[in-house]
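Each chain gets a letter, A, B and so on, in the order the sequences are listed, and its residues count up from 1.
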Amino acid sequence: MKNSYQQAYSLLYDHFGPQNWWPGETVFEILVGAVLTQNTNWKNVEKAISALKEHGCLDFHIMYAMDDQVLAQLIRPAGYYNLKAARLKNLLKMIAEVYHGDLRLLTEDDVDSARENLLSVKGVGPETADSILLYCCDQPVFVVDAYTHRIFSRHNLLEEETDYHTIQQTFMDNLDHDACLFNEYHALIVQVGKEYCKKSNPRCKDCPLEHLAV
DNA sequence: CACCAGGCAAGTA
DNA sequence: TACTTGCATGGT
């Protein structure tokens, strides 16, 4: 018998199909995108990533050596550009110091150590860290975002005031610890959130989850 | 015009 | 501890 969190996944997958996340050709591109997309529309992130590519700056050592102001101007379309340029540099600095600038060593590290190192970076919080663990490192870590909280609280599967860690635990307690499943599930939550669970649609009208039994 | 988007950290009381 | 504010572009 499937629980509510498994049922919700089936409903979303049947409605939207596979999402093929994370959009990005390389681990480094995904890493950069994880920072750039903080509280920002993905379309704007795409513009910033395109600019980085066009200038040949979507590379660990090149970006790490770049002037902060120049980096900030390239990622300008993603918003908060001064802040994000500094955050990217902070993240690359940690990887340079802890993982010898080798992303493979990050992806091969054990998940608890990697998470601790990521969270030690100023500008990398729980969602960004978990996104990197799941989408760069292929670790079975469930990513929670604003949509996860909003959608599942509206459908009475979470209390309104539930914090990040508790939401993450709830999903991980109720699902197989499978990176492919967590990958698809988070992407599907973002998709249903964008289409049906905006603040301007407070009842989530016509949402694929509206008749989900709790 | 107002509002929001795949957060996070720092400031205030 | 529990709120509040700054960060910023681009689409609806």
Side-chain angles (χ1 to χ4, degrees), chain A residues 8-9 12 16 18-24 27 29-52 68-94 115-137 139 141-154 158-168 171 179 182-205 207 209:
Chain A
Y9 176 80
L12 294 175
F16 293 107
Q19 300 297 298
N20 302 308
W21 269 32
W22 184 292
V27 171
E29 182 173 341
I30 295 166
L31 183 84
V32 169
V35 172
L36 294 182
T37 198
Q38 291 172 351
N39 200 39
T40 300
N41 190 309
W42 182 256
K43 288 286 183 189
N44 288 3
V45 177
E46 287 182 326
K47 296 178 203 299
I49 289 178
S50 295
L52 289 169
D68 283 22
Q69 303 286 346
V70 175
L71 176 58
Q73 288 308 310
L74 284 180
I75 64 173
R76 199 181 150 103
Y80 307 138
Y81 50 86
N82 289 309
L83 190 62
K84 287 175 178 175
R87 288 178 176 183
L88 282 170
K89 286 294 192 76
N90 293 341
L91 177 56
L92 298 187
K93 182 168 186 284
M94 183 282 286
R115 191 168 199 272
E116 189 176 346
N117 288 325
L118 289 166
L119 287 175
S120 75
V121 176
K122 187 186 294 184
V124 174
E127 182 184 341
T128 305
D130 289 339
S131 294
I132 292 167
L133 291 171
L134 178 59
Y135 293 103
C136 291
C137 306
Q139 295 279 4
V141 172
F142 195 88
V143 176
V144 175
D145 71 337
Y147 285 128
T148 313
H149 179 266
R150 190 189 305 163
I151 293 166
F152 284 81
S153 58
R154 282 182 181 180
L158 291 172
E159 302 283 345
E160 177 62 37
E161 60 277 7
T162 315
D163 65 23
Y164 185 100
H165 179 71
T166 306
I167 295 174
Q168 182 178 52
F171 279 86
F182 290 171
N183 176 325
E184 202 62 61
Y185 207 159
H186 176 62
L188 287 164
I189 286 170
V190 171
Q191 187 56 42
V192 73
K194 285 198 241 190
E195 282 194 38
Y196 296 101
C197 209
K198 300 192 161 205
K199 290 184 180 175
S200 53
N201 184 10
R203 299 290 174 161
C204 298
K205 188 171 173 358
C207 168
L209 299 179

Position toward the 5' end of DNA chain C (nearest nucleotide), A:T40 or A:K43: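 Mapping each residue to its closest nucleotide by heavy atoms, the 5'-most match is A:T40.
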Measure up the A:F152 and A:F171 rings against each other and bin them: parallel (under 30°), tilted (30 to 60°), perpendicular (over 60°).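 Correct class here is perpendicular.
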Ring-base stacking, A:Y80 with C:dG6 (5.5 Å, 30° cut-offs):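 No; by the centre-distance and plane-angle rule, A:Y80 does not count as stacking on C:dG6.
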Face-to-face contact A:W42 to B:dA5 six-ring, under 5.5 Å, under 30°: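 Here A:W42 fails the 5.5 Å or the 30° condition.
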Check: A:Y164 and A:H149 side chains under 4.5 Å, non-hydrogen atoms: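 SC-SC contact between A:H149 and A:Y164 ruled out.
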Measuring only between side-chain heavy atoms, which start at C-beta, is A:Q19 closer than 4.5 Å to A:N183?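 Result no, sub-4.5 Å side-chain heavy-atom pair not found.
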For A:R87 and A:Q38, test the side chains for any donor-to-acceptor distance below 3.5 angstrom and give the result as yes or no.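 Checked: A:R87/A:Q38 side chains pair up, N/O donor to acceptor below 3.5 Å.
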Distance alone, cut at 3.5 Å: any donor-acceptor contact between the side chains of A:S120 and A:N117?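 Not at all, the side chains of A:S120 and A:N117 share no donor-acceptor pair under 3.5 Å.
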Taking atom [atom2] of [N] as reference, at what distance in whole Å does atom [atom1] of [X] sit?
X      : N      : atom1 : atom2 : value
A:L188 : B:dG6  : CG    : P     : 15 Å
A:K198 : B:dA2  : NZ    : P     : 19 Å
A:N39  : B:dG7  : CG    : P     : 5 Å
A:D163 : C:dA2  : CG    : P     : 11 Å
A:L71  : C:dA8  : CG    : P     : 13 Å
A:L134 : B:dG6  : CG    : P     : 17 Å
A:K194 : C:dG11 : NZ    : C1'   : 12 Å
A:K84  : C:dG6  : NZ    : C1'   : 13 Å

Which atom pairs link the protein and nucleotides 8-12 of chain B when you take only N or O atoms and keep those under 3.5 Å?
from   : atom 1 : to     : atom 2 : distance (Å)
B:dC8  : OP1    : A:G125 : N      : 2.9
B:dC8  : OP1    : A:G125 : O      : 3.1
B:dC8  : OP1    : A:E127 : N      : 3.4
B:dC8  : OP1    : A:T128 : N      : 2.9
B:dC8  : OP1    : A:T128 : OG1    : 2.7
B:dC8  : OP2    : A:E127 : N      : 3.4
B:dC8  : O2     : A:R87  : NH2    : 3.4
B:dA9  : OP1    : A:G123 : N      : 3.0
B:dA10 : OP1    : A:K122 : NZ     : 3.2

Please classify the nucleic acid contact of A:N44 as base, sugar-phosphate, or nothing, using heavy-atom distances under 4.0 Å.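 Answer is base: heavy atoms of A:N44 come under 4.0 Å of a base.
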Counting any heavy atom closer than 4.0 Å, what does A:K47 reach on the DNA or RNA strands: base, sugar-phosphate only, or nothing?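 Touches sugar-phosphate only.
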Can a side chain N or O of [X] be found less than 4.0 Å away from OP1 or OP2 on [N]?
X      : N     : answer
A:N41  : B:dA5 : no
A:Y81  : C:dA8 : no
A:R150 : B:dA5 : yes

CA sep, side-chain torsions, deciding dist, call: A:V144, A:D130, side chain to side chain contact (heavy atoms under 4.5 Å, CB included): CA-CA 8 Å; A:V144 175; A:D130 289 339; over 6 Å; no
Span that lies between the [atom1] atom of [M] and that of [N], in whole angstrom:
N     : M      : atom1 : value
C:dA8 : B:dG11 : P     : 16 Å
B:dC3 : C:dT5  : P     : 15 Å
C:dG6 : B:dG6  : P     : 23 Å

Can a donor-acceptor pair be found, under 3.5 Å and without considering hydrogens, that links the side chain of A:T37 to the backbone of A:A34?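 Not a single qualifying donor-acceptor pair exists.
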Check the pair A:Q168 / A:V141 against side chain to side chain contact (heavy atoms under 4.5 Å, CB included), numbers first and verdict last. CA-CA 8 Å; A:Q168 182 178 52; A:V141 172; 3.5 Å; yes
